[in-house]
Amino acid sequence: MTDPSIQAVELTKCYNSFCALSGLNLRLEGAKCVGFLGPNGAGKTTALKMLTGMIRPTRGKALINGIDVQENKKAALSTCGALIETPEIYPALSVKEALMMVAEIRGVPSTVRKDAVMKAIAEVKMEEWIDTKCGKLSKGMKQRVNLAAALVSDPIIMLLDEPSSGLDPRGMAEVREIVKGLKKKDRLIFMSSHLLGEVTEICDEVAILDHGKLLAYDKLERLTSALAVGNTKECEASFSRDLGSDALKEIASIEGVTGLELVEPKRLILRLEGGNEAQERALAKIAGLGVGLIAFRPSSSALEETYLRLVKDSR
Amino acid sequence: MGGPGERTRGADATGRSIPGSASQLKTIAKYELMNYIRTRRFYVLLTITLIMSGLLTAVVALYQPAGFLSSPLGFYSSWWGMAATYILILSGIFFGGDAISGEFQNKTGYFLVVNPVKRSTIYAGKWVAAFIASLAIFSAFVAVTVANGAYYFGLDVPYQFGLSLAFSVLYLMSILGVTFFFSAIFKSASISILVTAILFLFAFSLTQTLVSNLAQMEPWFLITYGAEVIGNVLKDPYPTHIVTVQLGRVTFTTYNAPILNGVAIMAAYFVICAALGLVIFERRDFS
């Protein structure tokens, strides 16, 4: 079995003289989570809609696992779950019935269909509403059901268009956990979002789009490093215990650390100067301090900085 | 670069494959039908049908009109001819008017279309559901009709009633073909419902009258003209094709579609409109 893949080849969508997407070339392959970023109207949803056969490209091809979505949508989407915008669900169907319909369409065998539906409902925490008519659900609840519909057949590829849209903070956190769970199951996830913190936390790679054109596509760290101001990198460190003032002083004194910001008692934003080697040394020293370092990653503000610079440059 | 021939996975993580289009059509029709029969509009239409049936039952019982009670054929002709086509038209508008446009306007299409299912399967599944829901409403009217017929004339149901019933089903198919076509054209559900209602309740009949009497031309291109076979088949003898009445200097011409012509007109409307609607639905963007 080859790796799952999503590919856009010269993918273009024009409405008269306005092009929502211009010659997008992008190939995502293997199990990972790719964030799809861009300002409103950049063409993210347009690209995702062409990948799911919701709109027809003016030019170019959208391929899922090498199969052209326009030529053979059924085969192309057979392994792909998708949530595009915020769909409405047939109002007179209950949550369970709506998901049973999707499970049936997607070929989940009748012997395990009920279990698959219950599992998807549990995953989006909708057990309490299982028999409620979809027409009576709030927007956030509907979005949970939509996410469950995308998950119900346990697809290999997930296309998610702002999956946290309409959800409360708890719902957003739950969506992040669901996507993290999918990553653990070796799925290929392509997810558009405006929440840079969410993207930083979940995604391995990032594609940035503006004015219908791809500005960058790379690993998150590489992208933020490449576009960092001078040789400075902003990272986020999480600790198992609260950081006292002594610990902060010690960290601040480490060579290469040019700035500190304690955002929470156990979370710190660090500005590191120097190349990878200098940063590696600084990180080793922090770990050696015995202050309970448990996680270290590029900060969402680093991504924000990168994103804003790229988008600004493209205008 | 990959192509259709390079398909490596035909199934999801569990290795299962996607059902055939016929099976998916059945699934979509089943859940659409569940959705239809739980909606208020289904019960509104059922109530209208039962009120119409009840009124007819009461009028015939109270006034014993000669036209109704002269013979079994006369009974079915009078009863059927008055209401059957209106119920069919209303059903078509209620269940088909926004069947496709609603998918765009209400965004319910976003829930279905992202799945591995052909748009033609969705279209056909929705059509079958609308057809069955309409047929359920129509069956209520048929049941009351036959019950009244049996009360006055026993179970001596004339064979022409069977033919009329068959033509009614064909008419329902063609109405739904037309309503689905207009529903596929418009993105607004209310506009598609309004257009089909105006066409079937006024425009077609008015055009037919104008074309027949003013242009003295057979309105062979109108679905309502073809549908006249539903009532005409219950008349004995079957009305002649062209009837001219001279009133002073003015000649009025009435055309009656022969059975084969009527069937052909309805079948043509069904096939052409359903196919055009499908092509439009296949090509429309969910944007």
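A, B, ... follow the sequence lines: proteins, then strands. Residue 1 opens every chain.
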Close side-chain approach of [X] and [Y], heavy atoms under 4.5 Å:
X      : Y      : result
B/F286 : A/E85  : no
A/K13  : B/S287 : no
A/M101 : B/M34  : no

Closest-packed option against chain B by number of heavy-atom pairs under 4.5 Å, given A/I105, A/T52, A/T45, A/N146: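 Between A/I105, A/T52, A/T45, A/N146, the count favours A/I105.
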Interface residue of largest heavy-atom contact number with chain B, from A/L51, A/I157, A/I89, under 4.5 Å: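 Ranked by heavy-atom pairs under 4.5 Å with chain B, first place is A/I89.
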Given heavy-atom pairs under 4.5 angstrom as the criterion, report whether the side chain, backbone, both or neither of [X] touches chain B.
X      : result
A/M100 : both
A/A149 : side chain
A/A150 : neither
A/K133 : side chain

Toward chain A, the part of [X] with a non-hydrogen atom under 4.5 Å:
X      : value
B/I37  : neither
B/R283 : both
B/T121 : neither

For the student: nearest non-hydrogen atoms of A/R56 and B/E282, plus distance: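 Closest approach of A/R56 to B/E282, heavy atoms only: NH1-O, 3.9 Å.
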Closest heavy-atom pair and its distance - B/Y110, A/M54: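 Shortest heavy-atom contact: CD2-CE, 3.2 Å.
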Check whether more than 12 heavy atoms from other residues, nucleotides or ligands sit under 6.0 Å from atom [atom1] of [X], and answer yes or no.
X      : atom1 : value
A/K136 : NZ    : no
B/K30  : NZ    : yes
A/K96  : NZ    : no
B/I272 : CD1   : no
A/K185 : NZ    : yes

So, the side chain of [X] versus the backbone of [Y]: is there a donor-acceptor pair under 3.5 Å, distance only?
X      : Y      : result
B/K107 : A/T86  : no
A/K73  : B/V114 : no
A/R106 : B/V117 : no
A/K49  : B/D285 : no

Atom pair [atom1] ([X]) and [atom2] ([Y]), whose distance is rounded to the nearest 0.5 Å:
X      : Y      : atom1 : atom2 : answer
A/C80  : B/N115 : SG    : CG    : 9.5 Å
B/N106 : A/Y90  : CG    : OH    : 9.5 Å
A/S153 : B/I18  : OG    : CD1   : 6.5 Å
A/I84  : B/F111 : CD1   : CZ    : 13.5 Å

Residue, of B/T39, B/L112, B/I28, B/T27, that accumulates the most heavy atom pairs under 4.5 Å with chain A: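 It is B/T27.
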Choice from B/K26, B/R119, B/K118 maximising heavy atom contacts with chain A below 4.5 Å: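 Among the listed options, the one with the most contacts to chain A is B/R119.
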